[in-house]
Amino acid sequence: ALLNLARGGRTVISVIHQPRSSIFQMFDQLCLLSEGQTMYLGAAQASVEFFTSLGFPCPTHFNAADFFLDLVSMDYRSPEVRLLLA
């Protein structure tokens with residue numbers, strides 16, 4: 001239904017947490033946020049190449065959405081991060 005709305009000329013904005021790869025492939029644009037900061041804003045299909053160019057390649061046969069979640073999320077469980085936040 002959302003795809004039909006978009007094809008009909010409507011703008012569709014949605015928040016999806018960890019979409020499966022087949023859903024991610026349908027995205028035109030992607031906005032990745034972390035701690036209120038924009039980590040990526042642009043074409044969804046260019047996002048893997050963008051992070052690869054920064055030295056963060058997505059593993060082969062890996063869901064890009066899962067990779068991005070791991071990449072931009074703060075791990076509050078690690079001792080190093082706890083020290084930074086103290």
Next on the checklist: How long is the straight-line distance from CG of L41 back to SG of C31, given to the nearest 0.5 Å?
Outcome noted: 5.0 Å
Next on the checklist: I need the full list of side-chain hydrogen bond (donor to acceptor under 3.5 Å, both in side chains) pairs touching residues 46-57, with sequence neighbours left out, sorted by first then second residue.
Outcome noted: none
Checklist entry - Checking side-chain contact (heavy atoms from CB on, under 4.5 Å) for the pair H17/L69: CA distance, chi angles, key distance, verdict? => result CA-CA 9 Å; H17 181 74; L69 183 65; 3.8 Å; yes
Next on the checklist: Q18: which residues meet the side chain to side chain donor-acceptor pair (under 3.5 Å) condition with it, sequence neighbours left out?
Outcome noted: D66
Checklist entry - In the hydrophobic clustering that connects Ile, Leu, Val, Met, Phe, Trp and Tyr at side-chain heavy-atom distances below 4.5 Å, which members other than V12 occupy its cluster, ordered by chain and number? => result L2, L5
Checklist outcome for this item: side chain to side chain donor-acceptor pair (under 3.5 Å) filter on S22, not counting sequence neighbours, yields R20
Checklist entry - Going by side-chain heavy atoms closer than 4.5 Å, which hydrophobic residues are tied to L3, directly or by a chain of links? => result none
Checklist entry - How far apart are the closest heavy atoms of A64 and C58, and which atoms are they? => result CA-SG, 4.2 Å
Item to check | ILVMFWY clustering at 4.5 Å (side-chain atoms), partners of L71 | outcome: I16, I23, F24, M26, F27, L30, L32, M39, Y40, V48, F50, F51, L54, F56, F62, F67, F68, V72
